[in-house]
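Positions are given from 1 along the sequence.
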Amino acid sequence: MPELPEVEVVRRGLERWVSGRVVADVEVLHPRAVRRHVAGGADFGSRLTGHRIGLVQRRGKYLWLPLADSAQSVLAHLGMSGQLLVQPQEAPDEKHLRIRMRFADEQGTELRFVDQRTFGGLSLHDNTPDGLPDVIAHIARDPLDTAFDDDAFHLALRRRRTTIKRALLDQSLISGVGNIYADEALWRAKLHYERPTGTFTRPRTAELLGHVRDVMNAALAVGGTSFDSLYVNVNGESGYFDRSLDAYGRENEPCRRCGAAIRRRPWMNRSSYFCPRCQRPPRAAS
């Protein structure tokens, strides 16, 4: 699943190439791509036609296109393989093209939603007073948001009575952090993924948040992390942060800090990567 840096890279591309444009028509080519819009593809397209796209927004891993002249937004669910591509109108259709959005101008480009596995899609929702699609109103702010409250996060973390990686992936506590960047931030902070949140002091929480922000900003600088061809920006280009990963995906490779072999452990139907020397497990997790 794309995490905050990958979604932000897409958001920036959409802001440049789509914001401010008026929708001329929408072509839904696969019903699953609008399955969250219960009225169906034709209704989805008709409700967008004639509206101007506002400044594209993101919270955590969620991305949406506000309708500038309406109190509604198009929420994009990228899922495992969804791509939002800005393509020349004459470009050949992608094999897994699901939705096409044309615009009422002479720029010669259109927005395409391409999704190989059809787990993602687009849907139209009413906005909350804060400007969020109502279905994601419960999602917490992300650590790159200037309004993120570090102190409130620390207090909520202490109250959770869980382990630190579970907390980092709890989108109602902190959004945008997924499996990859959780492992990377924990490696930088020398914290084991099973450390209880109740043991965190304010300085320790502040240090961890600093590492979370650092790793996300580093990923943003190189376009995010791409392990295969499914994650690309709006121009179809891959990110390169996978070449800089310190923990995730490096099982049996030497830790860049101490030289011990990175280990992988099954964790909540996923994997956790960590250094057994730098990231000592709590006694109960040993």
Side-chain angles (χ1 to χ4, degrees), residues 2 4 6-79 82-89 97-115 118-142 144-148 171-172 175-176 233-235:
L4 185 156
E6 292 76 45
V7 177
E8 174 62 14
V9 167
V10 174
R11 189 203 67 78
R12 292 177 182 181
L14 293 175
E15 180 180 332
R16 178 180 179 184
W17 298 107
V18 174
S19 290
R21 301 177 73 179
V22 175
V23 179
D25 67 86
V26 178
E27 184 181 4
V28 177
L29 302 170
H30 197 296
R32 278 185 57 80
V34 292
R35 64 188 178 281
R36 296 176 180 88
H37 187 84
V38 294
D43 182 81
F44 176 77
S46 66
R47 288 177 182 270
L48 296 186
T49 300
H51 288 287
R52 186 178 302 276
I53 304 297
L55 191 64
V56 181
Q57 302 290 319
R58 177 194 58 75
R59 174 168 289 189
K61 297 182 280 187
Y62 293 86
L63 177 74
W64 66 95
L65 287 69
L67 303 183
D69 49 0
S70 167
Q72 293 186 309
S73 293
V74 178
L75 183 64
H77 305 258
L78 298 181
Q83 302 170 347
L84 285 165
L85 304 176
V86 177
Q87 296 281 49
Q89 292 173 352
L97 177 62
R98 307 305 185 193
I99 300 174
R100 185 198 321 274
M101 187 181 297
R102 300 183 182 91
F103 299 99
D105 53 44
E106 303 301 320
Q107 293 189 33
T109 58
E110 60 189 28
L111 179 62
R112 299 179 181 181
F113 179 71
V114 179
D115 191 3
T118 65
F119 291 157
L122 304 182
S123 51
L124 185 65
H125 301 276
D126 294 332
N127 294 337
T128 69
D130 293 332
L132 279 75
D134 54 13
V135 294
I136 62 166
H138 63 290
I139 299 298
R141 294 187 182 274
D142 64 68
L144 299 188
D145 189 325
T146 56
F148 185 87
Q171 301 298 298
S172 67
S175 66
N233 65 15
V234 297
N235 302 119

**Prompt:** Could you walk me through whether L65 and L111 pass the side-chain contact (heavy atoms from CB on, under 4.5 Å) check?
**Reply:** CA-CA 12 Å; L65 287 69; L111 179 62; 4.1 Å; yes
Holding to side chain to side chain donor-acceptor pair (under 3.5 Å), I want the full list of residues that pass it with [X], two or more places apart in sequence or in another chain.
{"X": "Q171", "answer": "none"}
{"X": "R47", "answer": "D43"}
{"X": "T109", "answer": "R21"}

So, taking the atom named [atom1] in [X] and the one named [atom2] in [Y], what distance separates them when rounded to the nearest 0.5 Å?
{"X": "L4", "Y": "R59", "atom1": "CG", "atom2": "CZ", "answer": "12.0 Å"}
{"X": "I136", "Y": "H125", "atom1": "CD1", "atom2": "NE2", "answer": "8.5 Å"}
{"X": "L144", "Y": "E8", "atom1": "CG", "atom2": "CD", "answer": "8.0 Å"}
{"X": "H77", "Y": "K61", "atom1": "NE2", "atom2": "NZ", "answer": "13.5 Å"}
{"X": "I99", "Y": "E27", "atom1": "CD1", "atom2": "CD", "answer": "10.5 Å"}
{"X": "L84", "Y": "L63", "atom1": "CG", "atom2": "CG", "answer": "6.5 Å"}

Report yes or no: does [X] contribute a side-chain atom to a donor-acceptor pair with the main-chain N or O of [Y] at less than 3.5 Å?
{"X": "D115", "Y": "G120", "value": "yes"}
{"X": "R52", "Y": "D69", "value": "no"}
{"X": "R32", "Y": "T118", "value": "yes"}

How close do [X] and [Y] get, heavy atom to heavy atom, and via which atoms?
{"X": "G54", "Y": "S19", "value": "O-OG, 2.9 Å"}
{"X": "G60", "Y": "S175", "value": "CA-OG, 3.3 Å"}
{"X": "P133", "Y": "L75", "value": "CG-CD1, 4.2 Å"}
{"X": "G121", "Y": "F113", "value": "N-CZ, 3.4 Å"}

**Message:** Is there a side-chain contact between L67 and I53 in this structure, where contact means two heavy atoms from C-beta onward sitting under 4.5 Å apart?
**Reply:**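 They are in side-chain contact.
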**Asked** Are any of the side-chain nitrogens in D25 or R102 under 4.0 Å away from the carboxylate oxygens of its partner?
**Response** yes
**Side-chain ion pair, E15 and R12, N-O less than 4.0 Å** = no
**Request:** Any pair with a residue in residues 129-141 that passes side chain to side chain donor-acceptor pair (under 3.5 Å), sequence neighbours left out, goes on the list, sorted by first then second residue, please.
**Result:** R141-D145
**Prompt:** Among Q87, Q89, R100, which residue meets the side-chain hydrogen bond (donor to acceptor under 3.5 Å, both in side chains) test with E110?
**Reply:**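 Exactly one option meets the side-chain hydrogen bond (donor to acceptor under 3.5 Å, both in side chains) with E110, and it is R100.
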**Message:** Among N127, T128, D126, exactly one meets side-chain hydrogen bond (donor to acceptor under 3.5 Å, both in side chains) together with S73. Which residue is that?
**Reply:**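 Result: among N127, T128, D126, N127 is the only option passing the side-chain hydrogen bond (donor to acceptor under 3.5 Å, both in side chains) with S73.
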**Request:** For F148, enumerate each residue passing the ring-ring contact (aromatic ring centres under 6.0 Å, His included) test, keeping only those at least two apart in sequence or located in another chain.
**Result:** F153
**Residue pairs, two or more places apart or on separate chains, that pass ring pair (Phe, Tyr, Trp, His ring centres under 6.0 Å) and touch residues 40-65** =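 Passing the test, one end in residues 40-65: H37-F44.
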**Request:** Tell me, with the steps shown, if D105 and V22 meet side-chain contact (heavy atoms from CB on, under 4.5 Å).
**Result:** CA-CA 8 Å; D105 53 44; V22 175; over 6 Å; no
